[in-house]
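Order of listing sets the numbers, starting from 1, for every ligand and every atom in it. Residue indices begin at 1 and follow the sequence shown.
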Amino acid sequence: GTLGARNDVRCMSIEKKLGIKASPTAVMQYGEADGAVGYLVGEENQGLSIMFGMMNHARFAVGLQGLSVAERGYQQAVDYAQNRVQGTPLDCSPGASIAHHPDVLRLLSVMRAEIEAMRGLTVIGGAALDLARHGPDEDKAKLDERASLLIPVIKGWLTERAVTLTSDAVQVHGGMGFIEETGAAQHYRDSRILPIYEGTTAIQANDLVFRKTLRDGGASVRALLSEMEADLTGLNQKLAKPMRRALAITHQTLDFLCGTANDPRRSAVSSVDWLMMLGWLCGGWVMARSGHVVAAGKAQGFSQSFLDAKRVTADIYLQQCLPELEKLARVITSGGDAVLAMDPEWLTRH
Ligand SMILES: Cc1cc2nc3c(=O)[nH]c(=O)nc-3n(C[C@H](O)[C@H](O)[C@H](O)COP(=O)(O)OP(=O)(O)OC[C@H]3O[C@@H](n4cnc5c(N)ncnc54)[C@H](O)[C@@H]3O)c2cc1C
């Protein structure tokens with residue numbers, strides 16, 4: 001073909017950003033001179049539903065970005081910690097790396113556990129998205145409902161955690177984490193956009209609490225919780241007990257939230273905490289199942305050290321990460337009274 005007339009669309013500037021500097025963000029100007037020509041994408045009057053379809057996938061993909069940058073930060077932190085020698089870790093010989101200091105070990109192993117939980121949830125969400133489209137017809141409606149419930153959790157929880165996890169990766173590096181040479185700081189900067197674009201965490205949380213939780217009186221969430229409960233059958237107590245406790249607390253919190261349905265400010269003030277709570281819970285679900293596969297001897301053909309690492313990682317998640325849910329439940333069931341009593345005008349009163 002040949003070049004047609006130039007459309008009146010101009011790139012006015014490239015923004016300077018905190019991170020993702022390899023991905024240019026531009027200020028575009030449309031139609032300032034002659035009027036820009038727009039082209040219809042898809043059928044007339046179908047724009048909103050096409051956009052929602054696109055947004056579901058985009059939100060899932062940003063959650064996946066969170067997982068990916070957290071994994072990269074983790075890999076770099078482990079590599080650094082296994083080679084850096086500083087002080088003699090308790091019960092070790094001189095020359096042992098900082099990975100043997102109990103607190104460095106805590107940082108790294110909690111990172112590993114969370115990332116594994118995040119990955120498992122991504123697989124569950126991705127499978128629901130795929131099967132809702134390509135699976136058996138009789139399952140499609142249920143899977144579509146499951147995918148749309150999980151997407152705000154995947155987008156919100158994974159990206160919020162990515163910011164903390166990449167920060168922890170900087171921490172493991174000590175001072176070298178703050179120095180650009182190691183590359184740890186770049187992951188931290190790059191992760192900061194993830195809870196913002198494709199809808200901030202608060203926007204995901206509004207979607208989760210109003211459209212996916214309250215609109216059906218909590219039915220979709222209860223269906224998810226029942227599936228989690230069913231998956232606990234046959235699990236040993238070490239895996240099942242923390243999940244049973246977390247599920248009971250989540251049921252109580254869900255009932256409380258459903259009771260705020262006529263008072264939207266109350267539902268909204270708890271929405272991000274509710275999103276994060278479901279994130280931690282889904283992570284526990286994934287990790288308890290993973291621990292069970294190993295404990296029940298169902299994983300064949302793997303080395304013993306791989307299986308031991310899997311077992312311990314599941315325990316770490318259930319002991320160190322899942323209790324985050326309990327704090328959030330307490331905050332939610334306080335009703336947010338203290339925050340709602342704050343007048344925005346008072347924010348500048350000192
Ligand atoms: C690098 C970069 C790339 C981007 N790429 C694209 C792109 O390709 N396409 C595109 O369309 N957009 C893009 N965006 C825009 C991006 O999606 C928005 O910046 C983002 O959705 C937040 O909207 P906002 O900036 O208007 O913030 P605001 O809506 O002004 O939000 C400010 C604060 O208020 C909170 N807030 C706002 N409304 C509510 C509410 N109802 N309830 C609770 N809290 C609320 C937010 O959570 C946030 O904390 C990009 C932005 C950046 C920085």
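Scanning for salt bridge (Lys or Arg N to Asp or Glu O under 4.0 Å) contacts around Arg215 gives an empty result, with sequence neighbours left out. The salt bridge (Lys or Arg N to Asp or Glu O under 4.0 Å) test applied to Asp103 returns Arg106, not counting sequence neighbours. Annotation: salt bridge (Lys or Arg N to Asp or Glu O under 4.0 Å) contacts of Asp216 (sequence neighbours excluded): none.
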Evaluate the side chain to side chain donor-acceptor pair (under 3.5 Å) criterion for residues Thr25 and Lys17: first the C-alpha distance (whole Å), next the side-chain angles of each, then the deciding distance (0.1 Å), finally the verdict.
-> CA-CA 8 Å; Thr25 302; Lys17 304 198 296 278; 3.0 Å; yes

Dump all N/O pairs between ligand 1 and the protein below 3.5 Å as a table: atom names plus distance, one pair per row.
unit_1   : atom_1 : unit_2 : atom_2 : d
ligand 1 : 42 (N) : Asn206 : ND2    : 3.1
ligand 1 : 47 (O) : Thr200 : OG1    : 2.7

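Of the inter-residue distances, the one linking Asp139 atom CG with Asp144 atom CG reads 12.0 Å to the nearest 0.5 angstrom. Atom CG of Leu208 sits about 14.0 Å away from atom CH2 of Trp157, to the nearest 0.5 Å.
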